[in-house]
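Each remark here refers to the structure printed beneath this line.
None of these values were measured; they are calculated from a predicted model. Sequential numbering from 1 along the given sequence is applied to the chain's residues.
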Amino acid sequence: MEEINNIEVAPCTESDYLKPFRVHYNQNGTKKSWDFMRTHDSVSVLIFNTSSHCFVLVKQFRPAVYMCEWERNKSQPTQSAEKTEEGAAEAAAPTAAESQEGQSASEGESSSQWPPASAGVTYELCAGLVDKPDLSLEEIARQEVLEECGYDVPASKLKRITSYRSGVGVTGAKQTMFYAEVSDDNCVSAGGGEPREGELIEVVKVPLHEAMTFAYDERIPKTMGVIFSFIWFHNNMSPKYKISTNV
């Protein structure tokens, strides 16, 4: 998953997923404009395994996260020349793996400027786009659970938590979150996503008693959906299992 190389950045002139627009409008007598992106709505699923008392998340490389880290690091002044302590030069130099990952940096950027691939890996809820008009949200969520995490759960067993707007400054798309309880008996495959769609997903389990520590650990890159859903579970479901979620 973290073997990323031959990186090239190019303008996006056409996409099946993102459509950029600019809207002009008047607000309280003031003329304004705003750039936004039209995208698909989506579903996400908080999965709890009742056999092992753990949450089932997915872990994957997100190019957008990776490029944001690259932009952030690029804007910071290089400090390796200022380090005079013993071993500083070694610490500042890229590893062999990092050099390989950035070997095809575009626009004259040197390979050492690319962060390690791990900078773009995030922990997320099982999720997917709402792009099948003939299916209900529950059916779409069910398919995502099966494809990404390997659990076969009837759509009728999915509990709707809530829906909300995501990325309101850029997209405003709606995401609907579900809750699904599974057991080891429901596991019919290893999951991992759909390779034909370019998905490369690692299934990750977070023990219930470690959930809130995981949610608030800023060193672990994760989506807001993970944090919110763990809090929801703590407030609504944890008394059922009589296990502390370590708040």
Side-chain angles (χ1 to χ4, degrees), residues 39-62 64-65 120-130 135-184 186-187 191-193 199 201-247:
T39 63
H40 289 286
D41 290 342
S42 60
V43 296
S44 61
V45 188
L46 172 64
I47 305 171
F48 182 68
N49 187 316
T50 59
S51 300
S52 54
H53 279 200
C54 67
F55 295 106
V56 182
L57 303 180
V58 297
K59 179 182 177 184
Q60 54 188 321
F61 176 79
R62 291 297 194 180
V65 175
V121 175
T122 60
Y123 293 84
E124 311 170 18
L125 297 179
C126 170
L129 298 178
V130 177
L135 296 181
S136 66
L137 294 180
E138 288 78 7
E139 285 291 344
I140 293 175
R142 176 188 177 276
Q143 286 188 355
E144 295 298 335
V145 171
L146 181 60
E147 291 177 4
E148 295 190 358
C149 301
Y151 292 94
D152 190 0
V153 182
S156 60
K157 296 295 185 181
L158 290 169
K159 174 183 175 64
R160 184 175 181 137
I161 296 177
T162 189
S163 63
Y164 47 86
R165 298 289 178 175
S166 59
V168 292
V170 180
T171 69
K174 179 183 288 188
Q175 182 167 95
T176 302
M177 181 181 291
F178 293 94
Y179 171 66
E181 289 189 351
V182 302
S183 69
D184 291 343
N186 300 123
C187 189
E199 291 183 324
I201 293 172
E202 178 182 340
V203 180
V204 179
K205 295 182 178 180
V206 179
L208 175 59
H209 67 277
E210 298 177 5
M212 297 309 293
T213 299
F214 181 94
Y216 286 106
D217 189 342
E218 296 183 11
R219 297 168 298 178
I220 302 174
K222 68 188 76 67
T223 62
M224 176 54 74
V226 171
I227 299 174
F228 170 77
S229 64
F230 281 9
I231 294 174
W232 174 88
F233 185 95
H234 170 75
N235 291 336
N236 295 274
M237 304 300 295
S238 60
K240 172 181 176 181
Y241 296 99
K242 299 180 181 178
I243 295 179
S244 170
T245 49
N246 236 11
V247 176

For this session: Calculate, to the nearest 0.5 Å, the distance between atoms CG and NZ belonging to Asp152 and Lys157 respectively.
Result: 13.0 Å
Problem set entry | Minimum side-chain heavy-atom gap Tyr123-Val206 below 4.5 Å | no
Problem set entry | Interatomic spacing from CG in Leu208 to OG1 in Thr50 - rounded to 0.5 Å | 11.5 Å
For this session: State the CD-CG distance between Glu181 and Leu46, to the nearest 0.5 angstrom.
Result: 9.5 Å
Problem set entry | Closest non-hydrogen atom pair between Ser51 and Ser183, with its separation | OG-CB, 3.3 Å
For this session: List for me each residue that meets salt bridge (Lys or Arg N to Asp or Glu O under 4.0 Å) alongside Glu138, sequence neighbours excluded, and say none if there are none.
Result: none
Exercise. Between NZ of Lys222 and CD of Glu124, what distance do you get to the nearest 0.5 Å?
Worked result: 12.0 Å
Exercise. Is there a side-chain contact between Met177 and Trp232 (heavy atoms, below 4.5 Å)?
Worked result: no
Problem set entry | Nearest heavy-atom neighbours spanning Ala127 and Glu144 | O-OE1, 3.2 Å
For this session: To the nearest 0.5 angstrom, please state how far the SG atom of Cys149 sits from the CD1 atom of Ile201.
Result: 7.5 Å
For this session: Can you measure from CZ (Arg142) to OG (Ser136) and round to the nearest 0.5 angstrom?
Result: 10.5 Å
For this session: Would you check if the distance from the ring center of Phe55 to the ring center of Phe233 is below 6.0 Å?
Result: yes
For this session: Assign the ring pair Phe230 / Phe214 to parallel, tilted or perpendicular, where the plane angle (0 to 90°) is split at 30° and 60°.
Result: tilted
Exercise. With side chains defined as the heavy atoms from C-beta onward, is the minimum distance between Leu125 and Leu57 less than 4.5 Å?
Worked result: yes
For this session: Let me see the working for Gln143 and Leu135 under side-chain contact (heavy atoms from CB on, under 4.5 Å), right down to the final yes or no.
Result: CA-CA 10 Å; Gln143 286 188 355; Leu135 296 181; 3.4 Å; yes
For this session: Scan for side chain to side chain donor-acceptor pair (under 3.5 Å) pairs involving residues 158-173, sequence neighbours excluded, and state none if there are none.
Result: Tyr164-Gln175
For this session: Identify the residue among Asp184, Asn49, Asn186 that makes a side chain to side chain donor-acceptor pair (under 3.5 Å) with Tyr151.
Result: Asn49
For this session: Using a 4.5 Å cut-off on heavy atoms from C-beta on, say whether the side chain of Leu158 contacts that of Val45.
Result: yes
Seminar exercise, completed: Residues Val203 and Glu148: closest non-hydrogen pair is CG2-O, 3.3 Å
